[in-house]
Amino acid sequence: MSQSPDTSTGDLFFEPAGLDRTRVERLVDNTLSSADDGELFLEYRLSEALAFDDGRLKTATYDTQQGFGLRCVAGEATGYAHSSDMSEASLQRASDAVQAVKRGYGGTLADGPIRTNKQLYGDENPLGGQSFEEKVKLLQEIDAYARAKDPRVRQVTASLAGEWQAVEIIRPGGEIVRDVRPLVRVNVSVVVGDGDRQESGSHGVGGRQGYEAWIRPDAWRGQVDEALRQALVNLDSVPAPAGEMEVVLGPGWPGILLHEAIGHGLEGDFNRKKTSAFAGLLGQRVASPGVTVVDDGTIAQRRGSLTVDDEGTPTSNTVLIEDGILKGYMQDRMNARLMNMAATGNGRRESFAHQPMPRMTNTYMLAGDKDPREILASVKNGLYAVSFGGGQVDITSGKFVFTVTEAYKIENGKIGAPVKGATLIGNGPDVLTKVSMIGNDLQLDAGIGTCGKAGQGVPVGVGQPTLKLTGLTVGGTAA
């Protein structure tokens with residue numbers, strides 16, 4: 001059986017390694033006999049990254065990775081073995097190792113993932129569309145354009161990154177799921193200076209398609225203009241105020257706060273183990289009325305989207321919070337089975353060397369009915385946070401601290417001076433109850449997010465409309 005979209009991944013995994021498909025499928029059957037779940041995950045990945053900095057090409061890398069991960073699940077125990085050695089002997093050693101978790105165990109193999117005919121992205125290889133010389137020339141043009149825009153530009157960093165990942169998932173009974181996943185990102189950072197003061201700005205875009213959509217002159221010039229705008233805004237910024245105040249979050253990328261402070265707490269493993277601040281709260285109010293949060297891996301060509309997850313389950317649009325009520329969690333197969341819930345297509349892994357776990361795809365809050373201008377006009381004295389940098393979150397308590405990279409004072413309902421050094425401090429579950437106005441301007445981020453969890457990084461998307469939060473603590477630098 002072969003699940004759409006069908007690709008020629010078999011040529012990548014079996015013929016070059018001299019593997020016999022029938023023998024490999026038999027090994028999977030034997031390995032997972034009397035287990036609850038498991039699979040053989042095969043991966044082939046091509047990746048490249050070019051970075052242009054200080055007027056010259058600083059780095060250029062090209063990498064090929066290939067390997068397998070074999071998993072056997074018995075109850076809550078998991079045996080996992082992986083190798084880049086694609087040989088029958090290596091597969092057999094992996095099989096012997098992972099079967100240790102099922103000794104003396106008599107499980108019943110869970111049903112395989114449901115089928116799908118959808119395809120959210122093409123299978124084109126983004127690395128093959130332009131030559132190396134063309135990519136370097138593009139980075140040179142970005143650098144020259146940025147420096148010509150403003151005499152205060154002191155440094156420009158431009159980068160391209162692309163990958164082509166083919167996966168094949170083999171389950172007992174010869175059940176096969178295949179997917180081919182392109183992914184690209186283009187990023188521009190600009191440093192500007194005036195005397196001894198220097199500030200920076202950056203803008204990135206990307207998604208699951210070739211470079212063509214992002215390297216047209218109008219597209220990359222727009223990126224440079226946005227990065228330069230941010231840098232110049234920060235050059236004019238004043239120290240941020242501190243204290244408890246009303247905060248307005250802009251649309252789009254500020255959804256990273258939602259992702260970190262709330263999204264991780266809604267992943268199935270944390271709730272099964274009762275280490276999340278949201279554990280045991282299904283059906284209860286956890287947010288203000290009007291707050292609806294979803295995780296949607298089905299949006300075509302988005303960075304966080306997947307036709308199928310890394311266990312072979314089709315991704316879905318999962319409602320996590322609806323009108324303030326907690327409705328569900330993001331689930332992989334193991335945690336869904338142990339919690340007697342349905343898998344939601346959120347079983348993700350960084351590579352064949354990693355086990356799958358519940359992870360976000362594209363997580364965002366739905367739009368409300370307020371005009372963003374009305375939201376800003378309602379604030380007498382507060383902060384307008386447009387873009388975020390890094391942050392720290394404690395999943396168990398929900399406490400978070402986030403750095404704001406672009407923000408403005410709000411004075412008497414109007415946007416005032418830009419500020420520097422602002423941080424937002426709060427508690428994830430609590431911050432949802434502070435949402436008092438929701439804008440009608442939902443935006444998703446431009447395609448730059450990478451999420452880390454348990455040492456694994458995966459591409460994700462975030463988004464939200466303009467939001468007004470009452471009584472949020474702002475850490476500032478103003479005397």
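If you check the side chains of Ser305 and Asn362, you find a donor sitting under 3.5 Å from an acceptor. Donor-acceptor pairing under 3.5 Å is recorded for the side chains of Asp295 and Thr363. Checking Asp53 against Thr157 by side-chain atom types alone, a donor-acceptor pair falls below 3.5 Å. Using modelled atom types, one finds a donor on one side chain and an acceptor on the other under 3.5 Å when comparing Ser90 with Ser83. Using modelled atom types, one finds no donor on one side chain facing an acceptor on the other under 3.5 Å when comparing Glu88 with Gln92. For the residue pair Glu212 and Gln130, a side-chain donor N or O sits within less than 3.5 Å of a side-chain acceptor on the partner. In summary, the side chains of Asn317 and Thr298 do not present any donor paired with an acceptor at a separation below 3.5 Å, with no hydrogens or angles considered.
Contact of the Pro289 side chain with the Val291 side chain is not registered, since no non-hydrogen atoms from C-beta on lie closer than 4.5 Å. Contact check for Asn335 versus Phe270: no side-chain heavy atoms found under the 4.5 Å cut-off. Contact of the Phe132 side chain with the Leu50 side chain is registered, since non-hydrogen atoms from C-beta on lie closer than 4.5 Å. Looking at Val460 and Arg348, their side chains come closer than 4.5 Å, going by heavy atoms from C-beta outward. Side-chain contact between Asn346 and Asp332: absent, with no pair of heavy atoms (C-beta onward) separated by less than 4.5 Å. Using a 4.5 Å heavy-atom cutoff, the side chains of Glu226 and Val205 are not in contact. Residues Tyr364 and Leu442 form a side-chain contact, since some pair of their non-hydrogen atoms from C-beta on lies under 4.5 Å apart. When side chains are defined from C-beta on, Leu338 counts as touching Met334, because their heavy atoms get closer than 4.5 Å.
For the pair Arg71 and Tyr80, the tightest heavy-atom approach, listed with the atom from each and the gap, is CB-CD1, 3.5 Å. The shortest non-hydrogen separation linking Thr108 to Asp36 is N-OD1, 3.5 Å. Pairing each heavy atom of Ala287 with each of Leu432, the nearest pair is CB-CB, 3.5 Å. Cys72 and Val98 make their closest contact through CB-O, 3.7 Å (heavy atoms, listed as atom of the first residue, atom of the second, distance). Nearest heavy atom pair, residue Ile448 against residue Arg185, reads O-NH1, 2.8 Å. Between Pro314 and Pro113, the shortest heavy-atom distance links the atoms CD-CB, 4.4 Å.
The line from OH of Tyr44 to CD of Gln165 is 12.5 Å long, rounded to the nearest 0.5 Å. In this structure, OG1 on Thr433 lies 10.5 Å from CZ on Arg285, to the nearest 0.5 angstrom. With rounding to the nearest 0.5 angstrom, the CG atom of Leu70 is 11.5 Å from the NE2 atom of His82. In this structure, Leu12 CG and Gln66 CD are separated by 7.0 Å, a value rounded to the nearest 0.5 Å. To the nearest 0.5 Å, the span separating NE2 on His354 from CD on Gln456 amounts to 5.0 Å. A distance of 10.0 Å separates NZ in Lys370 from CG in Asn440, rounded to the nearest 0.5 Å.
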side-chain contact (heavy atoms from CB on, under 4.5 Å) between Leu424 and Leu469, worked out: CA-CA 11 Å; Leu424 298 187; Leu469 305 173; 5.8 Å; no
Phe352 and Leu42: CA distance, side-chain angles, deciding distance, side-chain contact (heavy atoms from CB on, under 4.5 Å) verdict: CA-CA 7 Å; Phe352 68 86; Leu42 305 171; over 6 Å; no
From CA spacing to verdict: side-chain contact (heavy atoms from CB on, under 4.5 Å), Leu326, Gln284: CA-CA 6 Å; Leu326 182 59; Gln284 298 184 34; 5.8 Å; no
Chi angles and distances behind the side-chain contact (heavy atoms from CB on, under 4.5 Å) call for Val462, Leu258: CA-CA 8 Å; Val462 300; Leu258 180 77; over 6 Å; no
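Checking side-chain atoms of Ser387 against main-chain N and O of Thr405 turns up no donor-acceptor pair under 3.5 Å. Panel note: side chain Thr315, backbone Gly345; no donor-acceptor pair is recorded below 3.5 Å. Between the side chain of Lys102 and the backbone N or O of Gly107 there is no donor-acceptor pair closer than 3.5 Å. At distances below 3.5 Å, not a single donor-acceptor pair connects side-chain atoms of Arg349 with backbone N or O atoms of Ser351. Proximity of a side-chain donor or acceptor of Thr292 to a complementary backbone N or O of Asp323 within less than 3.5 Å is detected. Gln464 places a side-chain N or O within 3.5 Å of a backbone atom of Gly250 that can act as its donor or acceptor partner. Judged purely by atom type and a 3.5 angstrom limit, Tyr329 has no side-chain atom pairing as donor or acceptor with the backbone of Pro358. Side-chain atoms of Thr78 do not come within 3.5 Å of backbone N or O of Val73 as any donor-acceptor pair. Listed for the Arg303 side chain is a donor-acceptor partner under 3.5 Å among the backbone atoms of Gly449. Between the side chain of Ser202 and the backbone N or O of Ala227, no donor-acceptor pair lies under 3.5 Å.
The number of heavy atoms from other shown groups lying within 6.0 Å of CG (Asp218) is above 12. Residue Lys58 places its NZ atom among more than 12 non-hydrogen atoms of other residues, nucleotides or ligands, all under 6.0 Å distant. Few gaps surround NZ on Lys434; more than 12 heavy atoms of other groups in view lie less than 6.0 Å from it. The environment of CG in Asp63 is crowded: more than 12 heavy-atom neighbours from other residues, nucleotides or ligands sit within 6.0 Å. With a 6.0 Å radius and a threshold of 12 heavy atoms from other residues, nucleotides or ligands, Gln392 has its CD atom at or below the threshold.
Under 4.0 Å is where a charged nitrogen must lie from a carboxylate oxygen, and between Asp269 and Lys273 no such pair does. A salt bridge between Arg333 and Glu39 is absent, with no side-chain N of the basic residue lying under 4.0 Å from a carboxylate O of the acidic one. Note on Glu168 versus Arg21: salt bridge recorded, some NZ/NE/NH1/NH2 to OD/OE distance being below 4.0 Å.
Put simply, the residue from Arg302, Arg208, Gln209 that forms a side-chain contact (heavy atoms from CB on, under 4.5 Å) with Tyr121 is Arg208. Considering Glu260, Glu350, Glu267 as possible partners of Lys453, the one that fulfils the salt bridge (Lys or Arg N to Asp or Glu O under 4.0 Å) test is Glu267.
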